[in-house]
Amino acid sequence: MDFLIQYNLKKEEINDIVNNNCSNVINNIILNKRNVISIVEYLLELGITLDTLRDLFINQIGIFFRTRAELERVFEEYEIDSIVKSLNYDVNTLDLIEF
């Protein structure tokens, strides 16, 4: 998961992500690195903060099993600014979005 360092996540934060998810989930993230990077870049482009990004990996890691196209489609159905503000406040608001 060291590929997340390029997004200014610290080694300790990556360790937290690994420690808060089962090994199968982490392995899946690693195997789908390109997709995960695409999603990370999309979220950062929208204005998701690094703290929120870390929290998404810990509490809502399922978002990284979607494709960027799926996320774009779903986010465009809602007001993107509102979603970004909501997620930056509490990543668990992701549960309110219908995928």
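By convention here, the first residue in the shown sequence is residue 1.
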Worked verdict on Gln60 versus Asp95 for side-chain hydrogen bond (donor to acceptor under 3.5 Å, both in side chains): CA-CA 9 Å; Gln60 294 287 344; Asp95 293 334; 3.2 Å; yes
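Sorted by first and then second residue, the salt bridge (charged side-chain N to carboxylate O under 4.0 Å, His left out) pairs with a member in residues 27-50 read Glu45-Arg68; sequence neighbours excluded. Sorted pairs that involve residues 17-27 and meet side-chain hydrogen bond (donor to acceptor under 3.5 Å, both in side chains), not counting sequence neighbours, are lacking altogether.
Applying the side chain to side chain contact (heavy atoms under 4.5 Å, CB included) rule to Glu76 yields the partners Glu72, Ile80; only residues at least two apart in sequence or on another chain are considered. For Asp81, the salt bridge (Lys or Arg N to Asp or Glu O under 4.0 Å) criterion is met by no residue, not counting sequence neighbours. Under the rule for a side chain to side chain contact (heavy atoms under 4.5 Å, CB included), the partners of Thr49 that lie at least two apart in sequence or sit in another chain are Asp51, Thr52, Asn88. With sequence neighbours excluded, no residue satisfies salt bridge (Lys or Arg N to Asp or Glu O under 4.0 Å) with Lys85.
Side-chain contact between Phe65 and Val25 is present, with at least one heavy-atom pair separated by less than 4.5 Å. Between Asn32 and Asn28, some side-chain heavy-atom pair lies under the 4.5 Å cut-off. With contacts defined as side-chain heavy-atom distances shorter than 4.5 Å, the pair Phe57/Val40 qualifies. Counting heavy atoms from C-beta on, the side chains of Leu87 and Ile48 come closer than 4.5 Å. Between Phe3 and Ile29 there is a side-chain heavy-atom pair separated by less than 4.5 Å. When side chains are defined from C-beta on, Leu50 counts as touching Leu44, because their heavy atoms get closer than 4.5 Å.
Residue Ile14 holds its CD1 atom at 5.0 Å from CG of Leu4, rounded to the nearest 0.5 Å. The CD1 atom of Ile83 lies 8.5 Å from the OG1 atom of Thr93; values are rounded to the nearest 0.5 Å. Going from atom CG of Asn35 over to atom OG1 of Thr67 covers 6.5 Å, rounded to the nearest 0.5 Å. Expressed to the nearest 0.5 Å, how far CE of Met1 lies from CD1 of Ile17 amounts to 4.5 Å. In this structure, the separation between CG on Leu94 and CG on Asp55 is 12.0 Å, given to the nearest 0.5 Å. Taking CG from Asn92 and CG from Asn59, the interatomic distance works out to 5.5 Å, rounded to the nearest 0.5 Å.
Without hydrogens or angle criteria, Glu77 side chain to Val74 main chain gives no donor-acceptor distance under 3.5 Å.
Closest of all the heavy-atom pairs between Arg66 and Ile39 is O-CD1, 2.9 Å. Between Arg54 and Leu9, the shortest heavy-atom distance links the atoms CB-CD2, 4.0 Å. Closest non-hydrogen pair, Phe75 versus Leu46, comes out as CD2-CD1, 3.5 Å.
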